[in-house]
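Structure first, commentary second.
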2 protein chains.
Amino acid sequence: MTGPERDKYHHGDLKTALIEASEGIIREDGVEGFTLRKAAKAAGVSPGAPSHHFNGTRGLLTALAIKVFKHLEAELNALPSSGIPAQDLRTQALGYVTFAARNPGLFRLICRVDLIDFKDPDLIETSFDALTRYAHAAAAYFGHDAPDLHKRVFRPHMASAMATAHGLAHMVIEGRPALLLDTPDPASTFIETMLPSVLLATWPD
Amino acid sequence: MTGPERDKYHHGDLKTALIEASEGIIREDGVEGFTLRKAAKAAGVSPGAPSHHFNGTRGLLTALAIKVFKHLEAELNALPSSGIPAQDLRTQALGYVTFAARNPGLFRLICRVDLIDFKDPDLIETSFDALTRYAHAAAAYFGHDAPDLHKRVFRPHMASAMATAHGLAHMVIEGRPALLLDTPDPASTFIETMLPSVLLATWPD
DNA sequence: TTCTCTATCTGAACATTGCATAGATAAGAG
DNA sequence: CTCTTATCTATGCAATGTTCAGATAGAGAA
């Protein structure tokens, strides 16, 4: 993260190196601490180099956002399925909020419409993929057909279910728990002790 | 918004002029289009002038955020109360999301923890005040005592109710409806035609 | 009025940022 | 070995937030 680290003139795989460097910076300093020049320096490269691989800062961050959505998808897909719809939906919601709480900078990034290009087909595709499992859990709970986000299938119940988790995630990364809880690590406290009962209240058996 | 507009050397009330100028800029160009220099120029004043009235850009935006929260409070308080808890809660939620959709830039501002100072006591107070009516509606629907946000009274049901609207608001200003709807003005379509059924699904009678 | 004090504002710095461009470098094909 | 092309450097430019010495004028005291 500090010094340059390179022997050859050509980097080899600067593209992914820049994405990883950006991820590290955002993890440490948040989105607001990210600059293109920092990423270039972290990859051991001159300030102008990134332009040859990405369409400006927005292009780099969009590529990173795609990686983050894939990460989110993997985490949600890895969650256990109990067969009990209410519990599965709660599990997905809890996983979603947990992901946001554990990766606040990166979660903020994928919500920053001004920083990434949400017209990018790959980004749209990946963001839909990331929520497929969640959407299916919601459909199962509410007794609907399995939705296909790509075909813009839209159901009120589903929107409600997604919005609740999305709102909770935002509340967490916006620091609302710190305004309501007096514990040392409000976000963790909120997720571990209060969020389950919130979700239980939201989607009871 | 364009040129300087001043005859006297001293402005008279630069502080509020800067806040109003900032509001105008953000309404037009969004938070990402805001710069301190633009605000100064819009108020017809030199780039260094704002520093004499606010603690940097963050101070100015924090002051504006307080104004926005008061605006939100007024709108939510102005909504009719039917006496039917479910309907009142839906009314509040709809009002909340509508405010976000009508003032996307300003709503984004009050969620940008990196831009405003959420340790400012006035901001905290005002943000709590803005949601009092909403919280009471949620309490009535779920059969709880009237909550006092200032005393950090926290109930799972309430958090769920707030999160849903907050999440929907974020989804709207993040442009998710545009990904799901094919109408000319997706945000309006979403709010006017789909949101009511979403809320009906969320909090039925 | 006149003088003084103080709040207010100016104007010119400075460091940092994203970005564009011209040129250097080296990897790979023939 | 030579040429082509992708890759990277170096430099410069405009814009931004912030600071600071100095200019300005309003307000109160004499």
Side-chain angles (χ1 to χ4, degrees), chain A residues 1-22 25-26 28-65 105 109 112-117, chain B residues 1-22 24-26 28-65 105 109 112 114-117:
Chain A
M1 202 63 48
T2 54
E5 354 141 334
R6 196 156 114 268
D7 43 352
K8 303 165 300 217
Y9 184 93
H10 288 74
H11 185 286
D13 193 3
L14 182 55
K15 196 163 183 175
T16 64
L18 283 171
I19 295 179
E20 289 175 1
S22 304
I25 294 172
I26 293 182
E28 278 196 25
D29 305 333
V31 205
E32 64 276 12
F34 171 85
T35 69
L36 186 59
R37 292 172 110 102
K38 267 194 210 172
K41 173 177 268 188
V45 110
S46 82
S51 300
H52 300 279
H53 296 272
F54 299 100
N55 188 14
T57 304
R58 165 172 303 234
L60 171 52
L61 291 182
T62 302
L64 175 55
L109 172 68
R112 287 291 295 277
V113 190
D114 54 326
L115 293 183
I116 62 184
D117 180 17
Chain B
M1 203 66 45
T2 54
E5 354 140 335
R6 199 156 113 266
D7 45 351
K8 303 164 300 215
Y9 185 93
H10 289 76
H11 184 284
D13 194 3
L14 182 56
K15 195 164 184 175
T16 65
L18 283 171
I19 296 179
E20 288 174 2
S22 304
I25 294 172
I26 294 183
E28 278 196 24
D29 306 331
V31 206
E32 64 277 11
F34 170 85
T35 69
L36 186 58
R37 289 174 113 102
K38 267 194 209 171
K41 173 177 268 187
V45 110
S46 82
S51 301
H52 299 281
H53 296 273
F54 298 100
N55 189 13
T57 304
R58 165 171 303 232
L60 171 52
L61 291 182
T62 302
L64 174 56
L109 173 67
R112 285 292 294 278
D114 54 325
L115 293 183
I116 63 184
D117 180 16

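Convention: sequence-line order gives letters A, B, ...; per-chain numbering from 1.
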message: Distance check needed: C/dA27 C1' versus A/D13 CG, whole Å only.
response: 15 Å
- prompt: Given atom NZ of A/K41 and atom P of D/dC8, what is their separation to the nearest angstrom?
  reply: 18 Å
Could you list the donor-acceptor pairs under 3.5 angstrom formed between side-chain atoms of residues 49-57 of chain A and any protein atom two or more places apart in sequence or on another chain?
none

- prompt: In chain order, what residues pass the side chain to side chain donor-acceptor pair (under 3.5 Å) check against B/D29, with sequence neighbours excluded?
  reply: none
field: Contacts of B/T35 that satisfy side chain to side chain contact (heavy atoms under 4.5 Å, CB included) - sequence neighbours left out
entry: B/R37, B/K38
task: Provide, to the nearest angstrom, the distance between the NE2 atom belonging to B/H52 and the P atom belonging to C/dT6.
output: 17 Å
- prompt: Where the side chain of B/H53 is concerned, which of D/dT9, C/dT8, C/dT10 is the nearest nucleotide?
  reply: C/dT8
query: What's the NZ-C1' distance between A/K15 and D/dA6, to the nearest Å?
result: 13 Å
- prompt: Just wondering, do A/E20 and A/K15 contact through their side chains at under 4.5 Å, heavy atoms?
  reply: no
message: Nearest to the A/S46 side chain among D/dT7, D/dT9, C/dC9, which nucleotide is it?
response: D/dT9
task: Between protein and nucleotides 12-17 of chain D, map the contacts as a letter string: B base, S sugar-phosphate only, - none, heavy atoms under 4.0 Å, written 5' to 3'.
output: ----BB
- prompt: B/L18 CG to D/dT18 P: how many Å, rounded?
  reply: 13 Å
field: Integer-rounded Å distance: C/dT17 P and A/E32 CD
entry: 14 Å
- prompt: A/L14 has an atom CG; how far is it from atom P of C/dA26, in whole Å?
  reply: 16 Å
- prompt: Which distance, rounded to the nearest 0.5 Å, do you find between the CG of B/L61 and the CG of B/D114?
  reply: 10.0 Å
field: Spacing of A/L61 atom CG relative to C/dT17 atom C1', expressed in whole Å
entry: 14 Å
task: Quick one: closest heavy-atom pair of A/V31 and A/L109, and the distance?
output: CG2-N, 3.9 Å
